[in-house]
2 protein chains.
Amino acid sequence: MNSGRFAISMHILTLLTFSEDEWTSSEYLAGSININPVLVRKELGNLRERGLVLSKEGKSGGSRLAKPADKIFMSEVYEAVKQKDLLGKGINSPNPDCPVGRKINDHLDNLYDEAEKTLLTSLGKVSLAEFCKKFD
Amino acid sequence: MNSGRFAISMHILTLLTFSEDEWTSSEYLAGSININPVLVRKELGNLRERGLVLSKEGKSGGSRLAKPADKIFMSEVYEAVKQKDLLGKGINSPNPDCPVGRKINDHLDNLYDEAEKTLLTSLGKVSLAEFCKKFD
DNA sequence: TCATACTGTAACTTTTATTATTACAGTACA
DNA sequence: TGTACTGTAATAATAAAAGTTACAGTATGA
């Protein structure tokens, strides 16, 4: 998975939790995270597709949580951010003439799926609200 | 974590399991995995440090499992291969003037540690021998 | 004993992925 | 209607991963 993006998304969501009733600009978010505003907007786009945030265009626009922080779970953030699978599903091109090479990707995929299921269960137990409580 | 390397290590270990009583050359392994022999030797070096394989130099040298395949667990492979942490521990440099930025890395680290513990438990349940049974 | 078939590793290049930057069209407010 | 935003494309800079070449070191066995 893309580790940097998970951290960025978590940072965004945390900031939005702390100003739950305002529209926060990508410029402001970028300032706290210390990255480029365009990256923030891209990440917001991704979180928006997943129904985790809302954005408003135009003057006095910005972004905010799409639902209460105790209804957003770390597993959702993980899923929003991942493109590649956890341990790198099917990225290899082993030699098809070798009996092991021919089948290993399928077997690894199974292993990865299992592991990822476990990970999601674990991440599904923590809500954004709980995560943000730690900042008090 | 480094997904490509996990797959490569698993591929190596699987091949070594299927010729448990011979010294297998890095050239042969590289052929089945379809990658460069030097990469294989690097990965073997890593697995060796972790006590998962043995290597013998010189003519008729090569590598073999350091212990029976039912005593090697996927969690060990995961640990052997990982350098970065699962979700990217402490890779960000958030703005320290922001109360969220100042603390978020620590909080994320905790979250990652928990998630990784779960993942290791899951991977610790599968031995190399069990994995290799799937090829029959 | 010496050619051979290996390992181990360093140095370097190529490729690919990530991140940052610039630029600008579109939107809504006041 | 100027201003403060979003959204997105295109591109450049940077970093990480993979591949390559090269060669010293080591055991084997003819």
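These numbers come from the heavy atoms of this one structure, side chains and all, not from hydrogens, waters or symmetry mates. Below, read A as the first sequence line, B as the second, and so on, with proteins coming before strands; counting in each chain starts at 1. Only a predicted model underlies this, so the values are computations on that prediction, with no experimental measurement involved.
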Value in whole Å for how far the C1' atom of C/dT15 lies from CD1 of B/I35: 16 Å
Proximity to DNA chain C (any heavy atom under 4.0 Å), residues of residues 50-60 of chain B only: B/S55, B/K56, B/E57, B/G58, B/K59
Tell me, please, which residues at least two apart from B/A66 pass side-chain contact (heavy atoms from CB on, under 4.5 Å). B/L54
Rounded to the nearest angstrom, tell me the gap between atom CG in A/L44 and atom P in D/dC5. 14 Å
Could you work out, with side-chain contact (heavy atoms from CB on, under 4.5 Å) as the rule, every residue matching B/T24, not counting sequence neighbours? B/L16, B/S19, B/Y28, B/L29
Sequence neighbours left out, what passes salt bridge (charged side-chain N to carboxylate O under 4.0 Å, His left out) with B/E20? Give chain and number order. none
By nearest-heavy-atom nucleotide on DNA chain D, the more 5' of A/K42 and B/P37 is A/K42
For the helix from C/dT1-D/dA30 to C/dA30-D/dT1, what is the angle between the axes at its two ends, each from 5 pairs, rounded to 10°? 10°
For B/R48 and C/dG8, is the shortest distance between a side-chain N/O and OP1 or OP2 below 4.0 Å? yes
Please produce a list of atom pairs where a protein N or O lies less than 3.5 Å from an N or O of nucleotides 22-25 of chain C.
none

Please report, rounded to the nearest Å, how far the P atom of D/dA18 is from the CZ atom of B/F6. 15 Å
Please report, rounded to the nearest Å, how far the C1' atom of D/dT6 is from the CG atom of A/L29. 12 Å
Between CE of B/M74 and OG of B/S9, what distance do you get to the nearest 0.5 Å? 10.5 Å
What donor-acceptor contacts under 3.5 angstrom involve side-chain atoms of residues 45-53 of chain A, with partners at least two apart or in another chain?
{"residue": "A/N46", "atom": "ND2", "partner": "A/A80", "partner atom": "O", "Å": "2.7"}
{"residue": "A/R48", "atom": "NH1", "partner": "A/S55", "partner atom": "OG", "Å": "2.8"}
{"residue": "A/R50", "atom": "NH2", "partner": "A/E79", "partner atom": "O", "Å": "3.2"}

Sequence-distant partners of B/F135, ring pair (Phe, Tyr, Trp, His ring centres under 6.0 Å), two or more places apart: A/H107, B/F18, B/F131
CG of A/L39 versus P of D/dA13: gap in Å, rounded? 17 Å
For residues 49-71 of chain B, which residue pairs qualify under ring-ring contact (aromatic ring centres under 6.0 Å, His included), counting only residues two or more places apart or in two chains? none
Sorted by chain and number, sequence neighbours left out, salt bridge (charged side-chain N to carboxylate O under 4.0 Å, His left out) with A/K67 holds for A/E76
Can you give each donor-acceptor pair under 3.5 Å made by side-chain atoms of residues 30-42 of chain B, sequence neighbours left out, with the distance rounded to 0.1 Å?
{"residue": "B/S32", "atom": "OG", "partner": "B/H11", "partner atom": "NE2", "Å": "3.1"}
{"residue": "B/N34", "atom": "ND2", "partner": "A/S93", "partner atom": "O", "Å": "3.0"}
{"residue": "B/N36", "atom": "OD1", "partner": "B/V38", "partner atom": "N", "Å": "2.9"}
{"residue": "B/R41", "atom": "NH1", "partner": "B/S26", "partner atom": "OG", "Å": "3.2"}

Just jot down the salt bridge (charged side-chain N to carboxylate O under 4.0 Å, His left out) partners of A/K117, sequence neighbours excluded, or say none. A/E114
